[in-house]
K.L.:
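Starting off with a structure, shown below.
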Amino acid sequence: MDEIETEVVIAGAGPTGLMLAYELALAGVETLVLEKLAQRTEQVKGAGIQPRTAELLESRGLLEPLLRRATPHEPVGGHFAALPVPLDCAPWRTRHPFPIPIPQWGIEEVLEERAVAAGARVLRGTAVSVVEPGDDGVVVTAGDSRARARYLAACDGGHSTVRKLLGLPFPGRPGTRQAVLADIRLSAVSPLVPQRIGHMSSLTRQADGYWAMLVPLGGDRYRITYGRTDQADTDRDTPVTDEEITAGLRAVYGHETTLGAVDNASRFTDATRQLEHYRVGRVLFAGDAAHIHPPLGGQGLNLGIQDAFNLGWKLAATVRDRAPSGLLDSYHAERHPVGAQVLHHTSAQRVLADPAPSEDVAALRDIFIDLLRLPDTNRHLAGLMSGLSLRYTLPGDHPLTGQRIPDADLVTDAGPTRVSALFGAGHAVLLDLAGTVPAGFRLPPRVDLVRATRTDDLGAATVLIRPDGYVCWAADGPAASGDALLAAITGNLATMP
């Protein structure tokens, strides 16, 4: 058996695991990713990048290669419960106000390429079989390899092997409705088949006891999600047959719509569960391994990638022994409430999106549609669904503390730039917009001082921004110098060497 020494092992090479691998490798942490599949499955799956995720990916230079893999689509706002009112993200001051449809395999391809280029290793065809946590590290057996690491990050999906091996409960609610997700090719289509990706409400239909959402991917390729309105379930492990898909297609889109081929298909439910603790000693959980919920509004993939952004820099600082006290534990403290909120609002959406609503639910939908047309309601739900409104509870009384930093225009000695361009190396940034940080001020490693003038008002003279793009300290004037600034850096980001 091969013996491997590394600093961090990641179980799972999905978007969450690969994003975390890139963040750790970018910080110089020796990282090994173990993936049970021998090769990537080219399945669309979670196919939408929400605005906040797009901002984060752009801050690492990852958005551009992903956009080249995007599915042609109309620039239209997101949705809440598939109700026919687009969500407007413009009030949240973002350069990416619309969800971006990108096949999950394309996201994984880009993230794996970048992670490996930064120094991470990915071993495929190596299913985790044993996890042995200890006080000073963890030993993971996968296939013919035995890896010793300081930490293990479980990013191995809703059926997490790591979670099961550790015997951790996954409390919540079992699924009440089952559906099929399939990537298919159509050899003939009726006028009912959508030709371009628009608002979610324009892609959903129901007829003859079926509901379905058919998304065009280009050419003869489509992604279909469908189920029965009578909630007749099949064992989840039962293969999805061509005949079954054909029946659903014809019921909803007419007999002129002809199935040409099935690239892949699987069953899923609307189960809702969440781990009680995202950290168990030397093992941390992220993505679907930590939380699952109804797949409404494209939340799962985005929630996992944002877990990775939050965890990556904190775990790297901990491995490098420069983390302030409690930094790694703040991963659970910050992300568990975010996951709980997603479980909460997707549960609400499940009621509103019921394909066979009762008379009361139909009335509730009508009222909710009216509410969505009100600017304040729309803004609130747009911020919730996009991730743009997220604010962490951090110490400090400045209004910016805990908020995401907008991608404002700046001017430095090197010329015009944007806030997003400051984070390509994965460092924290001390942004001095008024010349208040004294010359020679000593910073710990991986904290960059950027002196700039602003063309946009950021709301402070000096801003300390974490590697994941959230403000952990800000000041309006000369208070940026001295003990307060040093305490903010060493308390929120890293200790001094």
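In this text the structure is predicted, and so the values were computed from the model without any measurement.
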K.L.:
Ignoring hydrogens and angles, state whether a donor on the side chain of Ser59 or Ser420 is under 3.5 Å from an acceptor on the partner side chain.
P.N.:
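Per modelled atom types, Ser59 and Ser420 side chains form no pair under 3.5 Å.
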K.L.:
I'd like to know if the side chain of Asp135 and the backbone of Gly137 have a donor-acceptor N/O pair within less than 3.5 Å.
P.N.:
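Between the backbone of Gly137 and the side chain of Asp135 there is no qualifying donor-acceptor contact (under 3.5 Å).
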K.L.:
Pick from Leu301, Val110, Ile107: which one makes a side chain to side chain contact (heavy atoms under 4.5 Å, CB included) with Ile102?
P.N.:
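The residue from Leu301, Val110, Ile107 that satisfies side chain to side chain contact (heavy atoms under 4.5 Å, CB included) with Ile102 turns out to be Ile107.
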K.L.:
Should the pair Asp329-Arg279 be classified as a salt bridge under the 4.0 Å nitrogen-to-oxygen rule?
P.N.:
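Yes.
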K.L.:
Walk me through it: do Val180 and Ser266 pass the test side chain to side chain contact (heavy atoms under 4.5 Å, CB included)?
P.N.:
CA-CA 6 Å; Val180 169; Ser266 59; over 6 Å; no
K.L.:
Would you tell me whether Arg466 and Tyr392 have side-chain atoms, one donor and one acceptor, within less than 3.5 Å of each other?
P.N.:
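No - no donor-acceptor pair under 3.5 Å links their side chains.
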K.L.:
Checking side chain to side chain contact (heavy atoms under 4.5 Å, CB included) against Val138, which of Val9, Val8, Leu152, Val162 comes through?
P.N.:
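So the option named by the test is Leu152.
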K.L.:
Before you tell me yes or no, could you show the steps for His291 and Tyr278 under side chain to side chain contact (heavy atoms under 4.5 Å, CB included), namely the whole-Å CA-CA distance, both residues' side-chain angles and the distance that decides it to 0.1 Å?
P.N.:
CA-CA 9 Å; His291 41 69; Tyr278 285 10; 3.1 Å; yes
K.L.:
For Asp413 and Arg451: C-alpha separation, side-chain torsions, deciding distance, then whether salt bridge (charged side-chain N to carboxylate O under 4.0 Å, His left out) applies.
P.N.:
CA-CA 8 Å; Asp413 289 342; Arg451 300 183 190 273; over 6 Å; no
K.L.:
Arg446 versus Arg322: any side-chain heavy-atom pair under 4.5 Å?
P.N.:
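Touching, per the 4.5 Å side-chain cut-off.
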K.L.:
Apply side chain to side chain contact (heavy atoms under 4.5 Å, CB included) to Arg146 and Val130, showing your working.
P.N.:
CA-CA 9 Å; Arg146 183 178 169 88; Val130 179; 5.9 Å; no
K.L.:
Return yes if some donor-acceptor pair links the side-chain N/O of Arg335 with the main-chain N/O of Asn310 below 3.5 Å, else return no.
P.N.:
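Side chain of Arg335 to backbone of Asn310, a donor-acceptor pair under 3.5 Å: no, none is there.
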K.L.:
Just by modelled atom types, is the Ala289 backbone N or O under 3.5 Å from a matching donor or acceptor in the Arg163 side chain?
P.N.:
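Side chain of Arg163 to backbone of Ala289: a pair is present.
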K.L.:
Leu123 vs Glu35, test: side chain to side chain contact (heavy atoms under 4.5 Å, CB included). Steps then yes/no.
P.N.:
CA-CA 6 Å; Leu123 294 182; Glu35 169 54 51; over 6 Å; no
K.L.:
Specify whether His277 and His332 have parallel, tilted or perpendicular ring planes, treating 30° as the upper limit for parallel and 60° as the lower limit for perpendicular.
P.N.:
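Aromatic pair His277/His332 classed tilted.
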K.L.:
With a 3.5 Å distance limit and no angle check, can you tell me whether Asn302 reaches the backbone of Gln50 through a side-chain donor-acceptor pair?
P.N.:
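Yes: the side chain of Asn302 pairs with the backbone of Gln50.
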K.L.:
Do Asp448 and Leu430 come close enough that some side-chain heavy atom pair is under 4.5 Å?
P.N.:
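Contact flag for Asp448/Leu430 side chains = no.
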K.L.:
List the atom of Ala120, the atom of Ala25, and the distance in Å for their closest heavy-atom pair.
P.N.:
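That closest heavy-atom pairing would be N-CB, 3.9 Å.
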K.L.:
Checking salt bridge (charged side-chain N to carboxylate O under 4.0 Å, His left out) for the pair Glu112/Arg124: CA distance, chi angles, key distance, verdict?
P.N.:
CA-CA 12 Å; Glu112 184 168 346; Arg124 291 188 169 272; 2.8 Å; yes
K.L.:
Taking atom types as modelled, is there a side-chain donor on Gln349 or His345 under 3.5 Å from an acceptor on the other?
P.N.:
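There is such a pair (donor and acceptor under 3.5 Å, judged by atom type) between the side chains of Gln349 and His345.
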K.L.:
Looking at side-chain heavy atoms only, is the closest gap between Thr71 and Val215 below 4.5 Å?
P.N.:
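SC-SC contact between Thr71 and Val215 ruled out.
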K.L.:
Do any N or O atoms from the side chain of Arg95 and from the backbone of Asp407 form a donor-acceptor pair under 3.5 angstrom?
P.N.:
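A pair under 3.5 Å: yes.
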K.L.:
Mind listing the closest non-hydrogen atom pair of Pro295 and Thr269 along with its distance?
P.N.:
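Scanning both residues, the minimum pair turns out to be CD-O, 4.3 Å.
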K.L.:
In this structure, which one of Glu58, His96, Gln306 forms a side-chain hydrogen bond (donor to acceptor under 3.5 Å, both in side chains) with Thr53?
P.N.:
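The side-chain hydrogen bond (donor to acceptor under 3.5 Å, both in side chains) with Thr53 is passed solely by Gln306 among Glu58, His96, Gln306.
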K.L.:
With no hydrogens and no angle check, do the side chains of Lys36 and Thr126 hold a donor and an acceptor under 3.5 Å apart?
P.N.:
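Short answer, no.
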K.L.:
Flag the pair Arg418 and Asp409 as a salt bridge only when some basic side-chain nitrogen lies within less than 4.0 angstrom of an acidic carboxylate oxygen.
P.N.:
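No salt bridge links Arg418 with Asp409.
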K.L.:
Centre of Tyr470's six-membered ring, under 6.0 Å away, within 45 degrees of the axis: is that where NZ or CZ of Arg52 sits?
P.N.:
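Pair Arg52/Tyr470 counts as cation-pi.
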K.L.:
I want to check a possible cation-pi pair here: Arg114 against Tyr22, using under 6.0 Å from ring centre and within 45° of the ring axis as the test.
P.N.:
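No, Arg114 and Tyr22 do not form such a contact.
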K.L.:
Can you tell me how far CG of Leu20 sits from CH2 of Trp313, rounded to the nearest 0.5 angstrom?
P.N.:
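Atom-to-atom, Trp313:CH2 and Leu20:CG are 14.0 Å apart.
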K.L.:
Using only atom types and a distance under 3.5 Å, with no angle test, would you say the side chain of His427 pairs donor to acceptor with the backbone of Phe423?
P.N.:
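The answer is no, because no donor-acceptor pair under 3.5 Å joins these two groups.
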K.L.:
Hey, mind stepping through Glu108 and Arg40 against salt bridge (charged side-chain N to carboxylate O under 4.0 Å, His left out) and telling me if it holds?
P.N.:
CA-CA 8 Å; Glu108 293 174 359; Arg40 183 179 299 108; 3.7 Å; yes
K.L.:
Does a side-chain heavy-atom distance below 4.5 Å link Glu55 with Arg404?
P.N.:
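Contact flag for Glu55/Arg404 side chains = yes.
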K.L.:
Distance from Leu296 atom CG to Thr346 atom OG1, nearest 0.5 Å?
P.N.:
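Leu296 atom CG to Thr346 atom OG1 measures 6.5 Å (nearest 0.5 Å).
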K.L.:
Would you please test Asp270 and His293 for side chain to side chain donor-acceptor pair (under 3.5 Å) and show each step?
P.N.:
CA-CA 6 Å; Asp270 58 355; His293 54 81; over 6 Å; no
K.L.:
What are the two closest heavy atoms between Leu87 and Ala382, and how far apart are they?
P.N.:
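Scanning both residues completely, I find the closest heavy atoms to be CB-CB, 3.9 Å.
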K.L.:
Mind checking the OG-CD spacing from Ser145 to Glu3? Nearest 0.5 Å is all I need.
P.N.:
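The OG atom of Ser145 sits 9.0 Å away from the CD atom of Glu3.
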K.L.:
Side chains of Phe441 and Ile489, heavy atoms from C-beta outward: is any pair under 4.5 Å?
P.N.:
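Yes, their side chains come closer than 4.5 Å.
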K.L.:
Kindly say whether Thr161 contributes a backbone atom to a donor-acceptor pair with the side chain of Asp156 at under 3.5 angstrom?
P.N.:
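Yes, because the side chain of Asp156 sits within donor-acceptor range (under 3.5 Å) of the backbone of Thr161.
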K.L.:
Would you indicate whether the side-chain heavy atoms of Arg121 and Val33 approach each other to under 4.5 Å?
P.N.:
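A side-chain contact is absent here, since even the closest heavy-atom pair is not under 4.5 Å.
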K.L.:
Under 3.5 Å, side chain of Thr318 to main-chain N/O of Ala316, donor-acceptor pair present?
P.N.:
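No.
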K.L.:
Mind checking whether Glu23 and Arg60 have side chains closer than 4.5 Å, heavy atoms only?
P.N.:
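Answer yes - side chains close enough.
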K.L.:
Thinking salt bridges, do Arg223 and Asp183 make one under a 4.0 Å N-O criterion?
P.N.:
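No.
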K.L.:
Backbone N or O of Pro97 within a donor-acceptor pair of the Asp88 side chain at under 3.5 Å?
P.N.:
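Answer holds: no.
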K.L.:
Measure the OG-CH2 distance between Ser389 and Trp92 for me, rounded to the nearest 0.5 Å.
P.N.:
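Ser389 atom OG to Trp92 atom CH2 measures 4.5 Å (nearest 0.5 Å).
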K.L.:
State, to 0.1 Å, how close Val283 and Pro133 come at their nearest heavy-atom pair, and which atoms those are.
P.N.:
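Heavy atoms of Val283 and Pro133 come nearest at CG2-CB, 4.4 Å.
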K.L.:
Are any side-chain N or O atoms of Ser347 and backbone N or O atoms of Leu343, one a donor and one an acceptor, separated by less than 3.5 Å?
P.N.:
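Answer holds: yes.
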K.L.:
Classify the ring geometry of His79 against His199: parallel below 30°, tilted from 30° to 60°, perpendicular beyond 60°.
P.N.:
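Perpendicular: the ring planes of His79 and His199 meet at over 60°.
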K.L.:
Within this structure, what is the CG-CD1 distance for the pair Leu34 and Ile10, rounded to the nearest 0.5 Å?
P.N.:
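Reported to 0.5 Å precision, the distance equals 9.5 Å.
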K.L.:
If you look at every heavy atom in Glu7 and Gly28, which pair is closest and at what distance?
P.N.:
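Scanning both residues completely, I find the closest heavy atoms to be OE1-O, 4.1 Å.
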K.L.:
Working to the nearest 0.5 angstrom, can you tell me the gap between Leu449 CG and Leu464 CG?
P.N.:
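Going from CG on Leu449 over to CG on Leu464, the span is 10.5 Å.
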K.L.:
If the threshold is 4.0 Å, N to carboxylate O, is there a salt bridge linking Glu132 and Arg148?
P.N.:
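Salt bridge flag = no for Arg148 with Glu132.
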K.L.:
Can you give me the closest heavy-atom contact between Phe170 and Gly158, atom names plus distance?
P.N.:
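That closest heavy-atom pairing would be CE2-O, 3.9 Å.
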K.L.:
Heavy-atom distance under 4.5 Å between the side chains of Glu5 and Glu30, does that happen here?
P.N.:
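Result no, sub-4.5 Å side-chain heavy-atom pair not found.
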